[in-house]
Amino acid sequence: MSDMSQNTMQIFDRRAVTLHRDRAAPGFSDGGFLVKEVADRLADRLVDITRQFPTALDLGCHCGEFGRIAAGRGGIETLLQMDLSEKMARAAGALSIVGDEEWLPIKEESLDLVISTLSLHWVNDLPGALIQINRSLKPDGLFLGAMLGGDTLIEWRDCLLRAEMQVSGGASPRFSPLADGRDAGSLLQRAGFALPVIDSDIITVTYDNAFKLMADLRAMGETNSVIERSRAPLNRSVLMRAAELYTEGYAGPDGRIPATFQIIYLHGWAPHESQQKPMRPGSAKTRLADVLGVEEHSAGEKVS
């Protein structure tokens with residue numbers, strides 16, 4: 001067992017994550033629309049980088065969506081595809097392996113690129129996973145990832161919490177804790193990535209009702225896998241009340257309800273001596289006052 005994972009708090013039931021993905025695999029060509037959309041956005045970002053990445057890993061590959069969409073973009077010649085679910089890995093096709101993001105079975109400094117599309121939000125030891133990703137990259141290799149952020153399903157979270165409080169007088173853990181952009185940026189820095197960049201998108205999907213949303217989440221393999229979740233089925237009265245609150249509070253003029261998915265993008269490089277370094281304090285050759293076209297005054301000097 002690696003030192004970085006020995007004392008990690010276990011939030012997610014990784015066996016449940018696997019089972020949910022196994023269940024989703026047969027119909028993922030239809031149910032995986034969100035993964036396809038984000039994979040397409042990641043592929044576009046890769047095109048914007050004027051570099052070639054001959055050997056790449058699609059980490060948490062689902063059923064191979066990124067590989068089919070990217071189709072060699074970024075100069076990818078060899079794409080390894082890895083997923084926690086054997087059924088998804090098999091569906092991904094060639095060069096696919098079953099593996100866990102928390103125990104990356106990849107040789108150090110062997111990859112030019114690691115891509116991850118909507119998988120890392122189910123990892124218990126995210127700092128450790130990012131460290132392993134960094135170690136797997138050759139110097140100046142690129143990590144480009146996307147994960148669900150804290151504003152995901154904010155409407156459904158609100159309605160389900162209120163419904164459970166109203167009907168049952170209490171609430172159980174129904175949703176995964178998700179990182180925000182600041183957390184993700186700090187994690188990249190802690191993992192030793194150079195030139196880290198974090199940004200986010202909001203993707204809004206509309207539904208006829210909350211039950212259609214729940215069916216889509218199941219089809220994506222994105223149902224509750226928190227260890228402390230209740231094993232009992234959610235009370236039907238709670239579900240019905242939550243669906244009512246959703247329609248009452250969020251439906252648009254057409255009667256459809258919105259579901260928010262926040263996508264956090266992570267971009268970082270394995271360190272290399274050729275990379276741009278931040279300037280040392282006091283090393284600037286140009287005064288800010290000259291750039292702004294104003295007079296410079298000392299901090300204690302008053303301007304009349």
Side-chain angles (χ1 to χ4, degrees), residues 9-38 62 84-85 87-88 118-124 147-180 183 202-264:
M9 181 180 297
Q10 299 297 299
I11 299 172
F12 304 115
D13 181 345
R14 296 287 285 172
R15 181 174 178 275
V17 174
T18 304
L19 292 173
H20 294 163
R21 293 173 87 124
D22 281 346
R23 183 179 63 195
F28 204 73
S29 58
D30 295 321
F33 68 90
L34 187 65
V35 170
K36 293 176 187 176
E37 175 62 29
V38 176
H62 296 87
L84 193 62
S85 160
K87 291 185 178 179
M88 285 197 166
L118 299 189
S119 182
L120 291 176
H121 54 271
W122 289 120
V123 170
N124 284 303
M147 58 190 290
L148 293 178
D151 286 338
T152 296
L153 298 180
I154 191 169
E155 307 92 349
W156 184 225
R157 291 169 183 258
D158 168 51
C159 295
L160 194 54
L161 176 62
R162 286 194 287 141
E164 198 164 14
M165 293 296 293
Q166 290 175 14
V167 175
S168 305
S172 300
R174 301 291 181 189
F175 294 94
S176 304
L178 297 170
D180 64 22
D183 295 335
I202 294 292
I203 297 176
T204 303
V205 184
T206 62
Y207 290 92
D208 290 334
N209 54 60
F211 300 103
K212 294 283 189 179
L213 167 61
M214 292 174 64
D216 261 5
L217 294 175
R218 183 182 176 93
M220 286 188 272
E222 294 291 333
T223 46
N224 190 6
S225 296
V226 176
I227 287 177
E228 295 182 357
R229 69 193 184 281
S230 172
R231 270 33 176 202
L234 191 59
N235 186 296
R236 180 175 175 79
S237 298
V238 172
L239 279 177
M240 295 300 294
R241 181 57 183 149
E244 290 174 357
L245 290 171
Y246 209 148
T247 300
E248 292 169 3
Y250 294 99
D254 59 357
R256 293 175 65 82
I257 57 171
T260 294
F261 294 92
Q262 183 188 21
I263 314 300
I264 296 177

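Atom set for the values below is all heavy atoms of this structure, side chains included, hydrogens, waters and symmetry mates excluded.
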Is Asp13 reaching over with its side chain to a backbone N or O of Ser225, donor-acceptor style, under 3.5 angstrom?
no

Over all atoms of both residues, closest heavy-atom pair of Pro258 and Tyr250:
CD-O, 3.2 Å

Give the intermediate values and the outcome of salt bridge (charged side-chain N to carboxylate O under 4.0 Å, His left out) for residues Arg162 and Asp158.
CA-CA 6 Å; Arg162 286 194 287 141; Asp158 168 51; 3.2 Å; yes

Give a yes or no answer on whether the side chain of Thr247 reaches the backbone of Glu244 with a donor-acceptor pair at less than 3.5 Å.
no

Results of side-chain contact (heavy atoms from CB on, under 4.5 Å) for Ile202 - residues two or more places apart only
Thr204, Thr260, Gln262

Counterpart residues, side-chain contact (heavy atoms from CB on, under 4.5 Å), relative to Ala242 (two or more places apart):
Trp156, Leu160, Ala163

To the closest 0.5 Å, what do you measure between NZ (Lys87) and OG1 (Thr18)?
12.0 Å

Atom of Phe211, atom of Leu239 and distance for their closest heavy-atom approach
CZ-O, 4.2 Å

Contacts of type side-chain contact (heavy atoms from CB on, under 4.5 Å), residue Ala215, not counting sequence neighbours:
none

Could you go through residues 21-29 and list every donor-acceptor pair under 3.5 Å that involves a side-chain atom there, pairing it with any protein atom two or more places apart or in another chain?
| unit_1 | atom_1 | unit_2 | atom_2 | d |
| --- | --- | --- | --- | --- |
| Arg21 | NE | Asp83 | OD2 | 3.3 |
| Arg21 | NH2 | His62 | NE2 | 3.1 |
| Arg21 | NH2 | Asp83 | OD1 | 2.9 |
| Asp22 | OD1 | Ser85 | OG | 2.5 |
| Arg23 | NH2 | Thr223 | OG1 | 3.2 |

Close side-chain approach of Val238 and Gln166, heavy atoms under 4.5 Å
no

Non-neighbouring partners of Glu155 that pass salt bridge (Lys or Arg N to Asp or Glu O under 4.0 Å), sequence neighbours left out
none

Drop me the distance from Leu161's CG to Leu245's CG, to the nearest 0.5 angstrom.
10.5 Å

Indicate the atoms forming the closest heavy-atom contact of Asp30 with Lys36, along with that distance.
N-NZ, 4.4 Å

If you measure from OG1 on Thr152 to CZ on Arg157, what distance do you get to the nearest 0.5 Å?
7.0 Å

State, yes or no, whether a side-chain contact exists between Val35 and Met220 at a heavy-atom distance under 4.5 Å.
no

Can you tell if the side chain of Thr206 reaches within under 4.5 Å of the side chain of Ile257, non-hydrogen atoms only?
no

Sequence neighbours excluded, the answer for salt bridge (Lys or Arg N to Asp or Glu O under 4.0 Å) partners of Asp208 is Arg256

Decide yes or no for Ile264 and Asp183: does some side-chain heavy atom of the first lie under 4.5 Å from some side-chain heavy atom of the second?
no

Got Leu148 and Glu222 here, is their nearest side-chain heavy-atom distance under 4.5 Å?
yes

